[in-house]
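Start at 1 and go down the list; that is how both ligands and their atoms are numbered. Bear in mind that the values here come from a model prediction, so they are computed numbers and not experimental data.
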Amino acid sequence: MQILTTKRVWLSSPHMGGQEQNFIKQAFDTNWIAPLGPNVDGFEQDIENYLSENVQVAALVSGTSSLHLGLKLLGVKKGDEVLCQSMTFAASANPITYLGATPIFIDSEQETWNICPQQLEIAIKDRIAKGKKPKAIVAVHLYGMPYNVEKINEISLLYEIPILEDSAESLGSMYQGKKCGTFGDMAILSFNGNKIITTSGGGALVTNTKAIKDRAIFLATQAKDDAPHYQHSEVGYNYRMSNVIAGIGRGQMLVLDSHVQKRRENFNYYLTHLDEFNDISFLKEPKNSFSNRWLSCIQTSSFELREEIRKVLAKENIESRPLWKPMHCQPIFKNNLAYTNGVSETLFDKGLCLPSGSNLESEDLDRVVSLIKTIL
Ligand SMILES: *Cc1c(COP(=O)(O)O)cnc(C)c1O
């Protein structure tokens, strides 16, 4: 048996700020141990203030449930088609199927690794020509890098197809000075354990009006009609965030900006020490984009080199991971239509996410860089 004596370095682990337990204690002291209460209201208010732009936020149990309700509120129904960025985590696409709709996958562009405007427009024209106008577009700011908001919005407006903005990985990122999570007709956030801030598990739906927020909360709390008894006229869900969990979120909002800063410093450390090597490249920020650098990713010159780096790091107790496997290459979606250009498959083949947590020490970063340098 191999005995590991070196410290484990994680890809992205939870990083508490210190105030979280005080908010949780308030919940216990006041007995608000329920899927409602002052921490839920406070957490929503904190996110609304942070995003500004007059958004309305509903705190839910996960990013996935937020996507589910978001699609439902955009009117997606059984038999509909929804266009979805292929290069992403499966949770961007799965909720489409919960509604009996079908995801159609769109490849990425090189500039942001996100949904490609050309492929998106080709897909829309093709589906319309076949008499099947898509019901919505799921666009993702992958690893914190904003998608091309200007072009994607233009296409959405031109063809009148709403956008559900998956901002699960991009809280704190900006495009033209505006925060990610404010660009789609609706947006979602995630507070899962590996995200830039976490509530252990949680998410939020971001909307433009109080009426839609209220409707989301109505559906998220079992769709109870206004009656003294329990009466239901439609199917509801149990998706509301708990007041205990929201206490963690309030504490995390206090350290969000410092987490963004630290993650950007991680990225810059890797860039400074590895960009000089021809076999390694980085995704730079396009003009007008500010990435939270949720995960620091590299592109290698070959699949073999990527695997060598990953295995050498793993042997030294350092976690790294290949980039997201595109949805159109996943067994579960192998029969779904996809509009591809090869970009996401190459990224998956040669890309690697390096340790990126806001709690990494400089010696952790140094270990990663030194090991990669020995391979190069
Ligand atoms: C994490 C993530 C989700 C899902 O969020 P959960 O809170 O884990 O349900 C959705 N989309 C993307 C791109 C994610 O990274």
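Ligand 1 places these atoms under 4.0 Å from at least one heavy atom of Gly202: 7 (O). For ligand 1, the atoms sitting less than 4.0 Å from at least one non-hydrogen atom of Val140 are 13 (C), numbered in the order shown with element in parentheses. For ligand 1 and Thr88, the ligand atoms under 4.0 Å from any heavy atom of the residue are 13 (C). Listed by number with element, the atoms of ligand 1 under 4.0 Å from a non-hydrogen atom of Ser92 are 11 (N), 13 (C). Against a heavy-atom cut-off of under 4.0 Å, Ser190 is close to the following atoms of ligand 1: 1 (C), 5 (O), 6 (P), 7 (O), 8 (O). Of all atoms in ligand 1, numbered sequentially from 1 with element shown, those under 4.0 Å from a heavy atom of Ala91 are 3 (C), 4 (C), 10 (C).
The backbone N or O of Ile212 lies less than 3.5 Å from a partner atom in the side chain of Thr209, making a donor-acceptor pair. Remark: side-chain polar atoms of Asn243 are not paired, donor with acceptor, to backbone N or O of Ala34 under 3.5 angstrom.
A ring-ring contact (aromatic ring centres under 6.0 Å, His included) check over residues 46-96, counting only residues at least two apart or in different chains, returns the pairs His68-Tyr98, His68-Tyr237, His68-Tyr239, Phe89-Trp324. Residue pairs meeting the salt bridge (charged side-chain N to carboxylate O under 4.0 Å, His left out) criterion with at least one member in residues 265-290, sequence neighbours excluded, are Arg264-Glu285, Asp275-Lys284.
Look at Glu81 and Arg127 and you find a salt bridge, because one of the NZ, NE, NH1 or NH2 atoms lies within 4.0 Å of a carboxylate O, short of that distance. Under 4.0 Å is where a charged nitrogen must lie from a carboxylate oxygen, and between Lys311 and Glu304 no such pair does. Remark: Arg250 does not engage Glu20 in a salt bridge, criterion side-chain N to carboxylate O under 4.0 Å. Under 4.0 Å is where a charged nitrogen must lie from a carboxylate oxygen, and between Lys132 and Asp80 no such pair does. Taking a cutoff of 4.0 Å between a charged side-chain nitrogen and a carboxylate oxygen, Glu308 and Arg310 do not qualify as a salt bridge.
The shortest N or O to N or O distance between Gly63 and ligand 1 is below 3.5 Å. Backbone and side-chain nitrogen or oxygen atoms of Trp324 are examined, and none is located within less than 3.5 angstrom of a nitrogen or oxygen of ligand 1.
Among protein heavy atoms, atom 9 (O) of ligand 1 sits closest to Thr64 OG1, 2.5 Å. Nearest protein heavy-atom neighbour of atom 15 (O) of ligand 1: Glu169 OE2, 2.6 Å. Taking atom 8 (O) of ligand 1 as the reference point, the nearest protein heavy-atom neighbour is Asn192 ND2, 2.9 Å. With hydrogens left out, the protein atom closest to atom 1 (C) of ligand 1 is Lys195 NZ, 1.5 Å, a heavy atom. Of the protein's heavy atoms, Asp166 OD2, 2.7 Å lies nearest to atom 11 (N) of ligand 1.
With a 4.0 Å cut-off on non-hydrogen atoms, Ala168 touches ligand 1 through its side chain and not its backbone.
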